[in-house]
Amino acid sequence: MSIKKYITANEAVAHAARLARVEVVAAYPVTPQTTIVEKISGFIASGEMDAEFIKVESEHSALTACMGARMAGVRSFTSTSSQGLEYMHEMLAYASGGRYPLVLVDVTRSVALPWSIWGDHQDAIQQRDTGWIQIFTETGQEAMDMVLQAYRIAEDRRILLPVMVCLDGFIQSHTEELVDIPDQGTVDSYLPPYEPVVTLDVDNPYSISIGGFGRYYAAWRKEQQEAMDRARQVIVEAGDDFARIFGRHYGGLIEQYRCEGAEAIILTMGAFTGTAREVVDEMRADGKAVGLIKVRAYRPFPVRELRQALSRAKAAAVLDRDCSWGCEGALATDLKAALYSLPSPPTVLNFVGGLGGSDVPPEQMKYMLDKALSVERGAPSTMEFIGL
Amino acid sequence: MRESIPGPVSKAGTVPTKMGSWSTIKPVLEGKCNFCLLCWIFCPEGAISQDEADRKVLFDHDYCKGCGICAKECPTKAIQMAEPEAGRAG
Amino acid sequence: MKLKEVSKEELYRCSYGCAGCASVLALRLTLKVLGENSVFVVPAGCISTVSAYYPQAPFFVPMTVMAFAATAAALSGISAGFKRRGREDIHVVGFAGDGGTADIGIQALSGAIDCGYKFIYICYDNEAYMNTGIQRSGLTPYGATTTTTPGRCFENRPKKDMLRIVADHGIPYAATACISYPLDFMRKVEKASKINGPTYIQVLVPCPTGWGFAPDRAIELGRMAVESGMWNLLEFENGEFHTTYTPRHKRPVAEYFEAQTRFRQLSPEQVEAIQREIDSRGAPGSS
Amino acid sequence: MNQTGHMEEVRWHGRGGQGAVLGASILGSAAALYEGKYAVSFPTFGAERRGAPVQAFTRIADHVIRSRSQIYHPTKLIVLDDTLFDVVNITDGVPAGASLLVNTRKSASELSVPDYLNVVTLDASAIARDIIGVAIVNTTMLGALAATTTLVSLDSIKKAIADALPQKVAERNMAAAEAAYERVRGK
């Protein structure tokens, strides 16, 4: 029997770690992630969760300790934000290159300087090329459900890559809403016990996470890319299986919302997708042909799915809560690359907004979509900051 | 192994090259070995073994890098460093 | 422990280490004590560089290469994992150089000692970043040249006292050792392996390449370091320091300096000052 | 503003330490868990410091609430401390017909509030001090809210208080909510 609780997304994530039967947690406090591990500490103290909590001295050590636990053959969990994720950067690459099936929750937050504890996606985007599967979520429910799915995806023998589940700092992490918390038995039927492929096993010893000269190195990297490619399918499967058992489905790599016949489509990642739904509904009611694509998987990037979803639109309005300085919003760049081979691709308009915790109110999204409706297909791409 | 285990992993104890090829000089036992085992314990490469029956040490030239620590530390000066014999491996 | 009782099994072989590498020797002896029931975490440094290029795997026990700063954190994670799996009998060993321990790894080491999981952290101390070509570390002694403290710009700060630093964490067991005293070193490794908590051993490993001496003199140089008082064989347990070996014959520090090239820029007056400093030292832990 | 129906947007004004965030949370959970509605609640996002003006928000609707933007046009305002009128623009963005519930010893006419708002005042501090023992008025104000709107019932508020607080404390807070309810109803 599942139970409904009125809780924050952070609390929901803590429940997910508990239900995933995580055995080692290592974490370091950083706003707005901290309440996740506080809750987990509470679960361990009350006996609701049977796990070791390693109170490390830094995020660098947190991720390392999670890798260590995996080397010993047990499931681990960590979460962080912003500077903490930046501090983990080196170990993020170790984890993916070493093919560790870790799960990390990033409660997204802007990156200093300028100093800011508030939300945007800059921290996650700056880790884009570390080789992690990155999935953005919209609600507390989706964050919890995705953490459970993340263990399935990461530990799948076809994948063996770490997964970063992103939820938006504050507007998602600290917002309370109804969350359906499944019972342990149902979760167990979805997520089997962890069976590691290789560990530090004294009876079957290996040197693991070692190095190799050129061609070996390149071969491992190619395998890593192939696993990322396979992850597109595995993410969809994990979501479909989840839906069969729990009745909740989030749409695989992307979710299309009212895209039928849409001339202009707004693309979002994360919690502001909810606001965009309202805006699309309202504009549709006014007879405007607009739709929404929620990009769930940022890595692996849903190239084929986006190409199909946008093949008939004349313009895409991309909301980036990040920027690749000297270029543009990261999602916009990736989207353009994905659309390149279309015979007549839609115009991509990039809007960088919601930085440093600033709100993206419905008016801004309407502005984006109206602008997209007004451009001709094939018009030059633009990039602008909104909300200033 | 790489077929079943993804990532940079290798079976423990895989030694494709024996490092004896590195050395230009090799230890030889020429004097009286008192079987004190100092050369054995100090050999970085584990290239010295014990012949318990004859109470003397043996050198495995496949592993010896020719550092000469054994000769230096031998209290009876029984070990000499010498050019390897012609035609010998390493 | 006697030499005849030391395990004949070789559990580390065919590294790419330099001829006469005392770090490799320290690893070999560590494995003789701990045996097959041990796993190793090796960060960036000499030992990982000579031990971990596919398909080469000279460790006969499980090992992993870890990021430079991360050794001790990995030990906590592995130890916690083994605890969960009921395998606390397995020795979880970190094997890191002086830079990986006293510089970039000191934060994780401090944190891991605080966490309190069972592990043995061994610092093979060759007193500089030898793997990258002899750069100064926090454990380079006063007076030594390296490629980043060349010539007259020799290292002008004292060697960081890691034993005292880990002791001040309230670590259950810590020791210094020197590769030239193998039984003392191995006894300390054995002692550490029986402690149910974090332990630390720092073993001095003379480096022919970095210190400037012929490879066959590696053991001799370590002996000279101890006999000159430049290095002391100590233990810290039950909150107290004590000496495990006092050389019968003291040796002037000048002799130790003359046996290698890294101190040769020191003037007689500077050597004299170092000698006075050594002579004025009290019992371990008393300063 | 959306196709699925009406949504109540409640904005809480208080000072750090007065319980605005917990009040918003209890209101949301009362609606979501005991009224069969959908609700979300969230604080203003920032470092909370005692005494500093803070805001918190509760959205309540009969349908799934998707918007993640802040609340700019609240249909209900709850003010925990009347000194805030001098510090922040409390009625900013509030549409005509919205209701305003203020903890104050003053009467509605004494507050400089636009006349297109429905104002209810209550000395919640006195009730809280009497019954709870401290002047933390969030639960007291929730009792008053239940009396003035159809948003949530007093019963649901009391259940949500019982969920949120340790038993002894919860009992006193429930009593304070009830007292405020009766006081406002009696007006």
Side-chain angles (χ1 to χ4, degrees), chain B residues 1-3 5-27 34-52 55 57-58 60-75 77 79-82 90, chain C residues 1-29 31-32 36 39-40 50-65 179-183 185-186 205-206 208 214-223:
Chain B
M1 295 307 155
R2 294 200 34 230
E3 288 72 46
I5 302 175
V9 169
S10 189
K11 183 73 188 160
T14 306
V15 284
T17 318
K18 291 185 176 167
M19 300 304 167
S21 63
W22 285 18
S23 64
T24 55
I25 48 170
K26 297 286 191 188
N34 69 359
F35 207 50
C36 71
L37 301 182
L38 281 176
C39 62
W40 172 77
I41 200 75
F42 282 131
C43 175
E45 302 301 321
I48 298 173
S49 56
Q50 302 173 22
D51 180 348
E52 305 238 17
R55 291 188 59 77
V57 293
L58 302 171
D60 189 336
H61 289 187
D62 284 346
Y63 295 101
C64 173
K65 288 177 183 164
C67 69
I69 287 176
C70 52
K72 191 85 178 172
E73 296 301 320
C74 177
K77 302 292 166 211
I79 303 170
Q80 300 296 316
M81 299 304 290
Chain C
M1 189 187 284
K2 291 178 179 147
L3 273 186
K4 300 255 178 341
E5 294 160 4
V6 174
S7 166
K8 296 187 182 68
E9 200 175 13
E10 301 297 341
L11 292 172
Y12 181 81
R13 237 182 187 176
C14 283
S15 77
Y16 294 139
C18 303
C21 178
S23 306
V24 163
L25 175 55
L27 180 53
R28 174 178 169 249
L29 299 188
L31 275 158
K32 283 191 177 294
E36 290 179 338
V39 303
F40 279 70
V50 304
S51 310
Y53 276 108
Y54 185 86
Q56 178 226 27
F59 277 86
F60 286 50
V61 299
M63 71 84 77
T64 182
V65 176
I179 198 61
S180 311
Y181 302 84
L183 291 178
F185 171 52
M186 288 192 283
V205 283
D216 65 348
R217 300 184 70 198
I219 307 303
E220 185 188 353
L221 262 287
R223 224 160 17 229

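Basis for what follows: all heavy atoms, side chains included, without hydrogens, waters or symmetry-related copies.
- Taking 4.0 Å as the cut-off between side-chain N and carboxylate O, B/Glu52 and C/Lys8 count as a salt-bridged pair.
- Neither the backbone nor the side chain of C/Ser51 comes within contact range of chain B; no heavy atom of the residue lies under 4.5 Å from a heavy atom of that chain.
- Taking CD1 of B/Ile41 as the reference point, atom NZ of C/Lys32 lies at 6.5 Å (rounded to 0.5 Å).
- Only the side chain of C/Met186 comes within contact range of chain B, judged by heavy atoms closer than 4.5 Å.
- At least one cation-pi condition fails for C/Arg13 and C/Phe60: the charged atom is not both under 6.0 angstrom from the six-membered ring centre and inside a 45 degree cone around its axis.
- With a 4.5 angstrom heavy-atom cutoff, B/Cys36 touches chain C only via backbone atoms.
- When C/Ser23, C/Ala52, C/Ser180 are compared by the number of non-hydrogen pairs under 4.5 Å with chain B, C/Ser180 comes out ahead.
- When ring centroids are compared, C/Phe40 and C/Phe59 come within the 6.0 Å threshold.
- Only the backbone of C/Val61 comes within contact range of chain B, with heavy atoms under 4.5 Å apart.
- Among the candidates B/Gly46, B/Ser49, B/Gly68, B/Pro8, the residue making the largest number of heavy-atom pairs closer than 4.5 Å to chain C is B/Gly46.
- Most heavy-atom pairs under 4.5 Å with chain B: of the set C/Cys21, C/Ala57, C/Ala214, this distinction falls to C/Ala57.
- Contacts between C/Ser15 and chain B at a heavy-atom distance below 4.5 Å involve backbone atoms as well as side-chain atoms.
- When all heavy atoms of C/Leu3 and B/Leu38 are compared, the pair lying nearest together is CD1-CD2, 4.0 Å.
- Using a 4.5 Å cut-off between heavy atoms, B/Phe42 touches chain C through backbone and side chain atoms alike.
- For the atom pair SG of B/Cys67 and CG of C/Asp216, the computed distance is 7.5 Å after rounding to the nearest 0.5 Å.
- Chain C forms more heavy-atom pairs under 4.5 Å with one residue of B/Glu73, B/Glu45, B/Lys18 than with any other, namely B/Glu73.
- With a threshold of 4.5 angstrom between heavy atoms, C/Glu10 approaches chain B through side-chain atoms but not through N, CA, C or O.
- Interface residue C/Leu29: only side-chain heavy atoms are found under 4.5 Å from chain B.
- Summarising the geometry of C/Pro206 relative to C/Ile179, their closest heavy-atom pair is CD-CG2, 3.7 Å, with the distance given to 0.1 Å.
- For C/Leu183, no part lies under 4.5 angstrom from a heavy atom of chain B.
- Minimum heavy-atom separation, B/Pro44 to C/Val24: O-CG1, 3.3 Å.
- Note that SG of C/Cys14 and CE of B/Met19 are 5.5 Å apart. Values are rounded to the nearest 0.5 Å.
- For chain B, the option among C/Thr64, C/Leu11, C/Ile219 with the highest count of heavy-atom pairs below 4.5 Å is C/Ile219.
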